[in-house]
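We use all heavy atoms of the structure for the numbers below, so side chains are in, but hydrogens, waters and symmetry mates are not. Please read these numbers as outputs of a predicted model, since none were measured by experiment. Just so we're on the same page: letters track the sequence lines, and every chain starts at 1.
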Number of protein chains: 2
Amino acid sequence: MKRDSRLSSVLHALLHMAEQDGPVTSDTLAECLGTNPVVVRRTMGYLREAGIVASDRGHAGGWRISADLADVTLRQLHEALGEPAMFAIGNRNENPACLVEQVVNAALEDTFAEAEALLLERFSDITLADLAADFARRHAAARRRRKH
Amino acid sequence: MKRDSRLSSVLHALLHMAEQDGPVTSDTLAECLGTNPVVVRRTMGYLREAGIVASDRGHAGGWRISADLADVTLRQLHEALGEPAMFAIGNRNENPACLVEQVVNAALEDTFAEAEALLLERFSDITLADLAADFARRHAAARRRRKH
DNA sequence: TTCAAATGCAACATCGTAAGTTACATGAAA
DNA sequence: TTTCATGTAACTTACGATGTTGCATTTGAA
Ligand code: FES
Ligand code: FES
C-alpha cells in the first residue's frame with residue numbers, strides 16, 4: 001500500500017528552510033527531497049494556506065517560514081495537509097445493515113480511534129523547534145565524531 | 001488512500017461461520033461481504049495457512065473454523081494476513097543520508113511505533129469469542145426492541 | 001459411472017490516490 | 001525587457017488491494 005509521505009516531506013523542507021537565512025526555492029527543496037519542484041509547490045501550498053509558510057515570486061523568491069518554530073506542532077502540519085487518513089486498515093463497509101458487521105466495525109473503530117488519539121496527542125507535543133534542536137544535537141555529535 | 005479491509009472481511013466471515021452449524025461456502029460468504037467468491041478464497045486462504053480455519057472441497061464443502069473462538073485474537077488474524085502495514089502515513093525516504101531527514105524519520109517512527117504497539121496490544125486482547133458475545137448481546141437487544 | 005458442487009489457483013483487469021511530469025500564465029527584481 | 005521564481009491546470013505513472021474469468025481438481029450424491 002502506497003504511503004502518504006507529505007508530512008515527512010514538509011518536515012524535511014521546513015527544517016531545511018530553518019537552517020537557511022533567506023528564502024529557499026522549490027527547485028532547491030525538490031533536489032533535497034529527491035522530487036519535482038511542482039510537487040514541492042503543491043505540498044507546501046497547503047502550509048501556505050495555513051499561514052505556516054509564505055512564498056515570494058520572482059527574483060530572490062522562494063519559501064520562508066512565517067511562524068515561530070516553537071509554535072508549529074506536527075499536529076498543525078497534519079491538519080494543514082487536510083488531515084489525511086492515518087491508517088491503512090479499515091472497515092470493508094462503513095454503514096452496514098448487517099449486525100455482525102456492525103459488531104466488527106465497532107471493535108475496529110474503537111481500537112483505531114484510541115490509536116489515533118494517541119498519535120494526535122504525540123503530534124501536538126512535537127514542535128519544529130524540538131526537531132531543530134534534535135538536529136543541532138546530532139549535527140554536533142557528528143562533527144565530534146569526524147574530529148577523532 | 002485505499003484501505004486494506006481484509007481484517008474486517010475475515011472477522012465478518014468468521015462470525016458468520018460461528019453462527020452456522022455446517023461449513024459455509026465461499027459463495028455464501030461472498031454474498032454476505034458483497035464481494036466475489038475468489039476474493040473470499042484468497043483471503044481465507046491466509047487463515048487456513050495459519051490453522052485458524054479449514055476448507056473442504058466438493059459436495060457439502062466450504063469453510064469451517066478449526067480453532068476455539070476464545071483462542072483466536074485479532075492479533076493472530078492480523079499476523080495470519082501477513083501483518084500488513086497499519087499506517088497510511090510514512091517516511092519519504094527510509095534510509096536517508098541527510099541528517100535532517102534522519103531527525104524527521106526518527107520522530108515519526110517513534111510516534112508510529114508507539115501507536116502500533118498500542119494497536120497490537122488491543123488486538124491481543126480481543127478474541128472472536130468476545131465479538132460473538134457482543135453480537136449475541138446486540139442481537140437480543142434488537143429482538144427486544146422489535147417486540148415493543 | 002456420471003454429474004454437480006465445491007475449492008485451488010493462475011492470469012489477468014479495475015480502481016483509487018499520492019506522486020511525478022509537462023506546459024504555460026503570472027509576478028517581481030535586476 | 002529579461003530572467004527567475006511561483007501558481008495552476010492537465011495529464012501520466014506507480015502501486016497494491018480488489019475484482020473477474022477460466023479451468024483444473026476433489027468430493028459426494030444421483
Ligand atoms: S536538509 Fe536538504 S537534503 Fe536534507
Ligand atoms: S453475517 Fe453474513 S451478511 Fe453479515
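Applying the side-chain contact (heavy atoms from CB on, under 4.5 Å) rule to P96(A) yields the partners N93(A), E101(A), Q102(A), N105(A); only residues at least two apart in sequence or on another chain are considered. With sequence neighbours excluded, no residue satisfies ring pair (Phe, Tyr, Trp, His ring centres under 6.0 Å) with H59(A).
Taking atom CG of residue N93(A) and atom P of nucleotide dT18(D), one finds them 13 Å apart after rounding to whole Å. Put simply, CH2 on W63(A) is 7 Å from P on dT6(D), counting in whole angstrom units. Counting to the nearest Å, the P atom of dA6(C) and the CZ atom of R64(B) are 15 Å from each other. Between I89(A) atom CD1 and dT18(D) atom P the separation is 10 Å, expressed in whole Å. When the C1' atom of dA19(C) is taken as reference, atom CG of D4(A) falls 10 Å away, rounded to whole Å.
Hydrophobic cluster membership is shared by V10(A) and I126(A), with clusters built from Ile, Leu, Val, Met, Phe, Trp and Tyr side chains linked at under 4.5 angstrom.
Within the 4.0 Å cut-off from OP1 or OP2 of dG16(D), not a single side-chain nitrogen or oxygen of R6(B) is found.
Residue I65(B) comes nearest to A18(B) through the heavy atom pair CD1-N, 4.0 Å, listed as atom of the first residue, atom of the second, then distance. Counting all heavy atoms, side chain and backbone alike, D130(A) lies closest to D125(A) at OD2-O, 3.4 Å. Here the closest heavy-atom approach between residue P37(A) and residue D27(A) is recorded as CG-OD1, 3.5 Å.
When side chains are defined from C-beta on, V100(B) counts as touching L15(A), because their heavy atoms get closer than 4.5 Å. Side-chain contact between L74(B) and L11(B): present, with at least one pair of heavy atoms (C-beta onward) separated by less than 4.5 Å. Contact check for M44(B) versus R48(B): no side-chain heavy atoms found under the 4.5 Å cut-off. Using a 4.5 Å cut-off on side-chain heavy atoms (C-beta onward), L119(B) and M86(B) make contact.
Annotation: cation-pi geometry satisfied between R6(A) and Y46(A) (NZ/CZ under 6.0 angstrom from ring centroid, within 45° of ring axis).
Taking the six-membered ring where the residue is Trp, H16(B) and H12(B) present perpendicular rings, their angle passing 60° and hence far from 30°.
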Mark up nucleotides 21-30 of chain D, 5' to 3', with B wherever a protein heavy atom is under 4.0 angstrom from a base atom, S wherever such an atom reaches only the sugar-phosphate, and - elsewhere.
B---BBBB--
Show me the protein contacts with nucleotides 11-14 of chain D, counting only N or O atoms at under 3.5 Å.
unit_1  : atom_1 : unit_2 : atom_2 : d
dA14(D) : N3     : K2(A)  : NZ     : 3.0

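Side-chain atoms of S8(A) and S5(A) form no donor-acceptor pair, as typed in the model, at a separation below 3.5 Å.
Remark: nothing in residues 45-55 of chain A comes within less than 4.0 Å of DNA chain C through any heavy atom. Residues of residues 7-35 of chain A having a heavy atom closer than 4.0 Å to DNA chain D, listed by number: T25(A), S26(A).
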